[in-house]
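Heads up: the structure comes next, in structure tokens.
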Amino acid sequence: EAILLLVMLLYVLALSQDNALVQNMRKAIYLCSFVVLSGVLIQYTIPTAFNLFMRALLRADCYDQLLRSYTVDGAYAGFSAYTPDAAYFSALIFGFSILNVLDNKTNKSRFRKILPLVLAFLSVFVVILTSKRGLIVAMLVAIVLTVLIGKKSSPKTIIAFGAIVVIGILLIYCIADSNVAVDLFLQRFDVSGGEDITTGRMDMWMEAMDAFKGTNLLIGKGTGATYTIEDAGMHNIYLQIFYDHGIIGFVVYAIFFAYNLRKAITCNDTKSLFIQFVMLIYGVSGNPIYSNSFFITYITYTVFNYQNPYELKAEGELS
């Protein structure tokens, strides 16, 4: 875990020195997100053929994970083999598509207005197919916060966003009546029967707090200590940071997260803002900063090599 953190630091340093690299990495992540999204749709459409193809393509343990999700949970992971990754990158497509629809900077053709809406709807459907409740909640709350906090959220934009939300809810409701996967996913939010909505996470968190007793609160138990009690991590980045690094480490991470949020707001980088909100909200029930693909994406969209906003304004006036 310490080695991975060092690698991430080196990645930050590399990006901070080369703005072209930042832009290229952002494009690569965006394009790969389409591959991830399409993989889930293909698996949903032709599951038997897709699973056989992936058996020949994937490493044995990855294929076992893909098949377990499909057979046990009724969830689809597509090319990524892991449902959290499939849901996360599909959520990225969702956020960027909605922001693209609400962007009024340029005159767009009807096709360029409709396509992002179609992609946004498909991405919601794909996240439902992955059965990741935490991520769908995170991406929906994140897009609301991004629209409300973004400096370009005019009343017209907010009205348009509200209309998109209403239409989206109606579409999902209609599909749930005829689609088993969607219906089963929505049922997972029903706690009327007394089911544990955290699916065992609460017990995990209480176990961690019991194991933490008697530990130095300032420094915690040490990097990666969480994995001595839970092989898959804590499914809560805030508790895991506190368990491993104590109050000192928690404050350092909090400053890091807050600084990146403030910088995104200052630069009005709504895509960065959306990704940050998704990670921070999903971090309550998942392990986003402890997943390489999640955290690399977060870093790529939080390294800012932009000129001073006043300099940009001056250049625009001169041109």
Intermediate values then yes/no, side-chain contact (heavy atoms from CB on, under 4.5 Å), I219 and N216
CA-CA 6 Å; I219 61 174; N216 188 320; 3.8 Å; yes

Establish, yes or no, whether the cationic atom of K271 lies under 6.0 Å from the six-membered ring centre of Y301 and within 45° of the ring axis. no

Just checking Y44 against F125, ring centres under 6.0 Å apart?
yes

If you group Ile, Leu, Val, Met, Phe, Trp and Tyr by side-chain heavy-atom gaps below 4.5 Å, do V12 and M279 land in one group?
yes

In short, I98 meets A120 closest at the heavy-atom pair CD1-CB, 3.7 Å

Is the distance between the ring centroids of F212 and F242 less than 6.0 Å?
yes

Q.
For the aromatic rings, using the six-membered ring if either is Trp, is the centroid distance between Y76 and Y70 under 6.0 Å?
A. yes

Here the salt bridge (charged side-chain N to carboxylate O under 4.0 Å, His left out) pairs for residues 230-256, sequence neighbours left out, are none

- Query: What's the verdict on ring-ring contact (aromatic ring centres under 6.0 Å, His included) for F79 and F89, showing C-alpha distance, side-chain angles and the deciding distance?
  - Reply: CA-CA 12 Å; F79 295 126; F89 289 104; over 10 Å; no

Run the ring-centre check on Y298 versus F294 and record whether the distance is less than 6.0 Å.
no

Please determine whether residues L31 and M25 belong to a single hydrophobic cluster, defined as Ile, Leu, Val, Met, Phe, Trp and Tyr linked transitively by side-chain heavy-atom distances below 4.5 Å. no

Mark yes when over 12 heavy atoms from residues, nucleotides or ligands other than Y227 sit less than 6.0 Å from its OH; otherwise mark no.
-> yes

Under a 3.5 Å distance rule, please check whether Q276 uses its side chain to pair with a backbone N or O of N260 as donor and acceptor.
yes

Between M234 and A208 the two heavy atoms that sit nearest each other are CE-CB, 3.4 Å

Would you say CZ of F256 has more than 12 non-hydrogen atoms from neighbouring residues, nucleotides or ligands within 6.0 angstrom?
yes

Inset, instruction - Please lay out, stage by stage, how L37 and S123 fare under the test side-chain contact (heavy atoms from CB on, under 4.5 Å). - result: CA-CA 7 Å; L37 183 142; S123 59; 3.8 Å; yes

The salt bridge (charged side-chain N to carboxylate O under 4.0 Å, His left out) partners of D210 (sequence neighbours excluded) come to K213

Exercise. Say whether L261 and V252 are linked into one hydrophobic cluster, either directly or through other cluster members, by side-chain heavy-atom distances under 4.5 angstrom.
Key: no

Note: I29 and L92 closest approach over all heavy atoms is CG2-CD1, 3.9 Å

What one should report as the nearest heavy-atom pair of V278 and M139 is CG2-CA, 4.0 Å

Does one hydrophobic cluster hold both I42 and L129, with members joined at side-chain heavy-atom distances below 4.5 Å? no

Determine whether the aromatic ring centres of F250 and Y243 lie less than 6.0 Å apart. no

Separation between CD1 (I46) and CG (L41), nearest 0.5 Å, reads 11.5 Å

Checklist line | Cluster check M202, V137: I/L/V/M/F/W/Y, side chain < 4.5 angstrom | finding: yes

For the side chain of S291 and the backbone of N287, is there at least one donor-acceptor N/O pair under 3.5 Å apart?
-> no

Interatomic distance, OG@S80 vs CG@D85, rounded to 0.5 Å, equals 5.5 Å

Check your understanding: So F96 and Y30, would you call those rings parallel, tilted or perpendicular, with 30° and 60° as cut-offs?
Key -> tilted

- Hey, mind stepping through V124 and V127 against side-chain contact (heavy atoms from CB on, under 4.5 Å) and telling me if it holds? CA-CA 5 Å; V124 171; V127 176; 5.9 Å; no

| said: Looking at G224, is its backbone amide N or carbonyl O close enough to the side chain of E1 to form a donor-acceptor pair, meaning the two atoms are under 3.5 Å apart? | reply: no

Tightest non-hydrogen contact, residues R201 and S285, listed as NE-O, 2.8 Å

| field | Salt-bridge present (D269, R26; N to O < 4.0 Å) | value | yes

Smallest heavy-atom separation, V36 atom then A86 atom, equals CG1-CA, 3.5 Å

Requested in this report: Classify the side-chain pair S293/Y82 by whether it contains a donor and acceptor separated by less than 3.5 Å.
Outcome: no

Full working for side-chain contact (heavy atoms from CB on, under 4.5 Å) between F94 and V126 = CA-CA 10 Å; F94 166 80; V126 166; over 6 Å; no

Next item on the list: Count the heavy atoms belonging to other residues, nucleotides or ligands that lie under 6.0 Å from CD1 of I3, then report whether that count exceeds 12.
Entry: no

To the nearest 0.5 Å, atom CG of L4 lies from atom CD1 of I296 at 9.0 Å

**Donor-acceptor under 3.5 Å (D73 side chain, A75 main chain)** = no

